[in-house]
Amino acid sequence: MGFAPGRVLPRAPFVGRVHELARLRARFEEARVHGTRAVYVSALSGMGKTALVERFLDEVRRDAVVLRGRCYERESVPFKALDPIVDAISRHLTSLPPVAAARVTPRDTPELCRLFPVLARVGVFADVMRARPATPDPQELRRRGFAALCEVLSRLADARPLVVALDDLQWGDLDSGLFFAQLLASADSPKLLFIGSYRSDEVNRSPLVRGILAHKRREGGDLVEVVELGALSDQESQELASQLLPERLSLVPAIANESGGSPLFIGELARFGPGSIDPGATTLTAAIAARVEALPDAARNLLEVVAVAGRPIAQRVALKAASLAFSDEAIAILRAAQLLRSSGAHLDRVVETYHDRIREAVVAGLSKERRTARHLALAKVYVAEPEPPVEALAHHYREAGEREEAREYALRAAERAMQAFAFERAAGFYRDAGDHQVPLADALANAGHALEAAEVYLEAARAAPEDERVDIERRAAYELLRLGHMDRAASLMRDLVKKVDLWMPSHLVVAYVVGLALSYWYAWRGVPLPARSRVRRARAPADRRRPIVLER
């Protein structure tokens, strides 16, 4: 008996959401006049966040530049909430004539391209990079890079109305969140509308969304608005079901009643009919599970691999991990059943689950042993790639229970994140790797978590060899000073100067008197004071232990 995917439904029509669309339109008009506005669309999974945003974007696409992207839970790139937007900017700029692209070039182009290398593909940006190197200081580079990205958006918005839309924001990262905060706080913010959608049931697990909501509470409703998307009304549910099943209108009331107002669940019930899933558990998860159970083995294996991957992956990788020969049959079955979607050219095609709720339902239905096997299969395929994705390998090896391999790739992922100036992400990978406290503290310090960095430095110093301990404690003292914890920093500095046979004034008055006396002595001897801008001589290795905090 062949596989029957249920009724093949047309593309789901858009029903209702009149009030929410009106709010998006109003914010768009405000942004065109007054500067950046942000609208965050919040709803449970399957309630139609993406459909609402797409409907609005279809309306404005004719007159505005639309930069569209999506976050994925298991995405393995630094700045993963910004990466799809920057990719969209890169594609847009490369499509422009060189003169038009040159008008968008920001002042700090080298810093921007160092932060987001994909922008170096834009010809005029690459020319500027060759003319001037980026600043070497990591924190300053990130600050300038973010400012340059704001400038690019401003110049794009000066030419045409601009809308930036990002789906599944709950999977975003804190490194990207710093940019969004800077975008809204800028005095000359771009005249753009930012739309971010997120799942309301994931707020507590998402530091980025929690930060967004905290920012809204601080700033009020002038710049930021949250649109909460609820269930469709019974009338709207019946309208949607009747458009999906015009030939079986007798089923419409039952479908509307069982769906709970979820557009995605209405589609599932329309495909199989009400009561066809499980009379005792008529839920969206049960509906998806029934469809997956009915799949042929090859198609189900492939769907499980893609779901466990948690992000778009190359079709060839998915087929290898599912132990399938290269064939479009399994993919064709999953696409017909609207369980999988694909994009790209045939040889470089990328596949992902049709909806995030499908991914979650498939993974939830796997036994622990089967899920472990899928993670290990993906890891084995990835590790054989010419350029293995170290972040994905760290995750899959960890989920497969291969601790040593997971630790190795977590360390490599942390180092790559540090090179990309994604310091929050680097700190997370260093924690996963374990036994790398000093690099972890460096990442925390660069991310702005001075107190946590100081505590990690001090913990690392207790276990460090004697010849390294002083330098680590010096860095801890610097972070405490930067944070304003003067008493703790002074106490630590007094201990440090004793270890390196230096003298430290016991009181500020004493330090002032000594400094004044030395300046008069230098003046009497005719010795000029060293200029602040003069490059200091290189210190001998033994001198590097001295706690010269201001030289960091």
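Cation-pi check for Arg142 over Phe421 is not met; the charged atom does not lie both under 6.0 angstrom from the ring centroid and within 45 degrees of its normal.
How far CG of Leu57 is from CG of Leu67: 10.0 Å, rounded to the nearest 0.5 Å. In this structure, Leu166 CG and Ser176 OG are separated by 8.5 Å, a value rounded to the nearest 0.5 Å. Note that CD1 of Ile333 and CG of Leu339 are 11.0 Å apart. Values are rounded to the nearest 0.5 Å. From Leu295, atom CG reaches atom CG of Leu334 across 6.0 Å, with rounding to the nearest 0.5 Å. In this structure, OG1 in Thr353 is found 9.5 Å from CD1 in Ile288, a value given to the nearest 0.5 Å. Between atom CZ of residue Arg91 and atom CG of residue Leu96 there is a gap of 13.0 Å, rounded to the nearest 0.5 Å.
The residues Asp432 and Arg398 are annotated as salt-bridged, a charged nitrogen and a carboxylate oxygen being separated by less than 4.0 angstrom. Salt-bridge check for Glu415 with Arg412: failed, with every basic side-chain N at 4.0 Å or more from each acidic carboxylate O. Using a 4.0 Å cut-off between charged nitrogen and carboxylate oxygen, Arg374 and Glu399 do not count as a salt-bridge pair. Using a 4.0 Å cut-off between charged nitrogen and carboxylate oxygen, Asp297 and Arg300 count as a salt-bridge pair. Using a cut-off of 4.0 Å between Lys/Arg side-chain N and Asp/Glu carboxylate O, Arg316 and Glu385 are scored as salt-bridged. For the pair Arg32 and Glu29, the salt-bridge criterion is met [side-chain N within less than 4.0 Å of a carboxylate O]. Salt bridge Arg37/Glu225: absent, no basic N to carboxylate O contact under 4.0 Å.
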Passes side-chain contact (heavy atoms from CB on, under 4.5 Å), Leu52 versus Lys49? Steps please.
CA-CA 5 Å; Leu52 170 66; Lys49 300 183 298 299; 5.9 Å; no

Walk me through it: do Glu202 and Asn204 pass the test side chain to side chain donor-acceptor pair (under 3.5 Å)?
CA-CA 6 Å; Glu202 292 288 346; Asn204 292 333; over 6 Å; no

Where do Leu156 and His92 land on the side-chain contact (heavy atoms from CB on, under 4.5 Å) test, with the steps shown first?
CA-CA 10 Å; Leu156 286 173; His92 177 70; 3.7 Å; yes

Show your reasoning for whether side chain to side chain donor-acceptor pair (under 3.5 Å) applies to Tyr397 and Glu408.
CA-CA 10 Å; Tyr397 273 128; Glu408 174 192 345; over 6 Å; no

Could you go through Asn301 and Arg370, starting from their C-alpha distance and side-chain angles, then the distance that decides it, and tell me whether this counts as side-chain contact (heavy atoms from CB on, under 4.5 Å)?
CA-CA 10 Å; Asn301 290 344; Arg370 196 171 181 89; 3.0 Å; yes

Stepwise side-chain contact (heavy atoms from CB on, under 4.5 Å) check, Leu82 with Asp175
CA-CA 9 Å; Leu82 285 178; Asp175 288 305; over 6 Å; no

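Using the six-membered ring where Trp is involved, Phe28 and Phe56 have ring planes that are perpendicular, over 60° apart on the 30 and 60° scheme. Using cut-offs of 30° and 60° for the angle between ring planes, the Tyr382 and His396 rings count as parallel. Classification of the His375-His395 ring pair by plane angle, with boundaries at 30° and 60°, yields perpendicular.
Other residues, nucleotides and ligands place more than 12 heavy atoms under 6.0 Å from the CZ atom of Arg61.
Screening Arg311, Lys80, Arg359 for a salt bridge (charged side-chain N to carboxylate O under 4.0 Å, His left out) involving Glu73 leaves a single residue, Arg359.
Remark: side-chain polar atoms of Asp173 are paired, donor with acceptor, to backbone N or O of Ala81 under 3.5 angstrom. Under the 3.5 Å distance criterion, the side-chain polar atoms of Thr94 are matched with a main-chain donor or acceptor of Ser90.
For Glu228, the salt bridge (charged side-chain N to carboxylate O under 4.0 Å, His left out) test picks out no residue, with sequence neighbours left out.
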